[in-house]
Protein chains: 2
Amino acid sequence: MREVFQQSLDEVRERLVEISGLVGEAIEKATTAFGTSDVALAEEVIDNDTIIDEKAVALDELAIDILARQQPVATDLRMVVSALRISASLERMGDIAEHIAQLTRMRFPDRAIPKGLKSTFTKMGEIDVDLARKLTTLLETRDLALAEAIRNEDDKLDELHVSVFEKVLSDSWKGEASATIDATLASRYHERFGDHAVSIAKKMVYLATGDWTADSIED
Amino acid sequence: MREVFQQSLDEVRERLVEISGLVGEAIEKATTAFGTSDVALAEEVIDNDTIIDEKAVALDELAIDILARQQPVATDLRMVVSALRISASLERMGDIAEHIAQLTRMRFPDRAIPKGLKSTFTKMGEIDVDLARKLTTLLETRDLALAEAIRNEDDKLDELHVSVFEKVLSDSWKGEASATIDATLASRYHERFGDHAVSIAKKMVYLATGDWTADSIED
C-alpha cells in the first residue's frame, strides 16, 4: 500500500511539473508577444490555455481518486491536498499568461506595451519566465533554496509594479487613457503571476517543514 | 459514523456561511467607503480581513481533519474537497474587498471614485453586495435557483466592467492618469469578485448534480 501511494504521489508530482512547464512556455510566449506585438504568438497562448486547464482538471481528478482509494492521513494527506492547491495556482498563472496575450491581441496592430515602459515590462516578463522555470525545478527537485529565490524574484516584480504606477503618475507620462489602462492591467497581471508563484513555493516549504497555517494569512 | 460525518459536514457548511457573511459585510463597507471616501470605514475593512483569512485557514484545517479521520469517499469526499475550494474563493473575495478599501485609503482625502463613473461604480458595489448575500443564502439553503441568479448578476457586472473601459476610452473622459488607474483597478476588482461568486455557485451546482469536470475550463 505504501508503495502504491508513493507511486501515486510521483505521478502527481510529474503532472505538476508538466503543467508548470506549460505555464512557463505560456508566459514566455505571452510576454514575447506583448513586447513585439506578435498577434499570432498571442493567439497561440490563448488557444493553448485550454490544455493547461484540462491538465489541471485531470490532475485534480487524480488527486481526488487518490484520496478516495488510498485514504492517506497526516503528511501524506497534506501532500495530496497541497497538490490540489498548487494545481489551482498553476491554472490561474496560465490564465494570467492568457490575459497578457489578450491585451496584445486587443491593441493589435498597435503595440500593447506602453511607450516609456518598454524596459520595465521587458524586465517583468523576464522575471515571470525565470519564476516559472524555478517553480518547475522546485516542484521537480524539492530544492527549497529555490523557494527563497522565488520570493526574492517576486520582490523585484513588486518593485517594478510600483515603478509602473510612479511612471504613469509622473509629469513625464504622455500616454493616452488606453496606454494607462494597458500599463495598469499588465502590471497587475505580472504582480499576480508572482504572487501565485510565491504561494506555491510556500506550500512546498510547508510540505518540507510541516507548518501549514501561515499561507493564506500572509498572502 | 454516518451521523458523525453529517455533523462534520453541517459544521463545515455553517462555517462557510459565516465566512460568506463576513465577506458580504466587507464588500458592503468597502464599496461604501469607496463611494463616500470614508477612510475610517476603509481602515476597518483592511483591519478585519485577517479575521476572514484566519477563519478560512481554520475551516481548511477542519476539512483536512475530516478527510483524515472520517475518510469519506464518492460524493462525501467531493463535498469536503469543494469546501476547501469554496473557502479559497471566499478568502480571495475578502482580499478584493480589502483592495477596494486600499484604493480608497490611498487617494484620501481625494475621492477614489473617478468623476463620470460614480453611478457605474455605485451599481457595481450594489451588485457585489447582492452577490455576496445570494451566495450566503445559497451556501445555507442549497437553493440552486440562486446559482442561476448569481450568474445573471455577474453578467451585469461584466457589462458594467466593459462600460468602464468604454467611458475611459471615450472623448468625454477628462480624467487624469490617476483616475484612469483607479477606474481600471477598481473595475477589475469588481469583475474578479463576481467571477469568484460564480465559481462558488458552480461548485454548489456540481455538488447537487455530480458533474465535476467543467469548472476550471469554463472560468
Side-chain angles (χ1 to χ4, degrees), chain A residues 49-50 52-58 60-61 63-65 67-74 76-78 80-81 84-85 87-89 91-92 94-95 99 106 164-165 167-170 173-185 187-189 192 195 212-219, chain B residues 49-50 52-58 60-61 63-65 67-74 76-78 80-81 84-85 87-89 91-92 94-95 99 106 164-165 167-170 173-185 187-189 192 195 212-219:
Chain A
D49 188 54
T50 51
I52 292 174
D53 291 346
E54 283 164 4
K55 284 190 186 285
V57 169
D60 290 353
E61 288 303 307
I64 291 171
D65 193 59
L67 289 176
R69 285 177 198 263
Q70 307 192 26
Q71 315 241 321
V73 294
D76 292 348
L77 172 57
R78 300 276 175 176
V80 180
V81 171
L84 283 167
R85 288 169 167 164
S87 133
S89 281
E91 195 261 324
R92 279 304 299 160
D95 286 348
H99 291 333
M106 196 168 65
V164 168
F165 290 122
K167 173 80 188 174
V168 171
L169 293 172
S170 72
W173 179 249
K174 305 283 179 236
E176 294 185 8
S178 65
T180 304
I181 292 174
D182 290 350
T184 304
L185 285 179
S187 189
R188 171 89 185 144
Y189 295 147
R192 290 296 301 152
D195 286 348
W212 302 95
T213 52
D215 187 34
S216 308
I217 294 174
E218 279 180 40
D219 273 348
Chain B
D49 188 54
T50 51
I52 293 174
D53 291 346
E54 284 165 3
K55 284 188 187 286
V57 169
D60 291 353
E61 288 303 307
I64 291 171
D65 192 60
L67 289 175
R69 284 176 198 265
Q70 307 193 26
Q71 314 241 319
V73 295
D76 292 347
L77 172 58
R78 300 275 175 178
V80 181
V81 171
L84 283 168
R85 289 169 167 164
S87 134
S89 281
E91 196 261 324
R92 280 303 300 160
D95 287 347
H99 292 333
M106 196 169 65
V164 168
F165 290 122
K167 173 78 189 176
V168 171
L169 293 172
S170 72
W173 179 248
K174 304 284 178 236
E176 295 184 7
S178 65
T180 305
I181 292 174
D182 291 349
T184 304
L185 285 179
S187 189
R188 170 89 184 143
Y189 295 147
R192 291 295 301 153
D195 286 348
W212 302 96
T213 53
D215 186 34
S216 308
I217 295 173
E218 278 181 41
D219 274 348

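So you know, we letter chains A, B, ... as the sequences are listed, proteins then strands, and number each from 1.
- Contact annotation for A:L84: only side-chain heavy atoms (C-beta onward) come within less than 4.5 Å of a heavy atom of chain B.
- Between B:V73 and A:A68 the shortest heavy-atom distance is CG1-O, 3.7 Å.
- Around CD of B:E176, the count of heavy atoms belonging to other residues, nucleotides or ligands within 6.0 Å does not exceed 12.
- In this structure, chain B has heavy atoms under 4.5 Å from both the backbone and the side chain of A:V168.
- Of the options B:L67, B:D60, B:V80, a side chain to side chain contact (heavy atoms under 4.5 Å, CB included) to A:V81 is made by B:L67 and by none of the others.
- Contacts of A:T184 classified as side chain to side chain contact (heavy atoms under 4.5 Å, CB included), with partners at least two apart in sequence or in another chain: A:F165, A:T180, B:I181, B:T184, B:L185.
- A:L77 and B:I64 make their closest contact through CD2-O, 3.4 Å (heavy atoms, listed as atom of the first residue, atom of the second, distance).
- Neither the backbone nor the side chain of B:R69 comes within less than 4.5 Å of any heavy atom in chain A.
- By the side chain to side chain donor-acceptor pair (under 3.5 Å) test, A:Q70 pairs with A:S8, sequence neighbours left out.
- One distance of note links CZ of A:R192 with CZ of B:R188; it measures 9.5 Å at 0.5 Å rounding.
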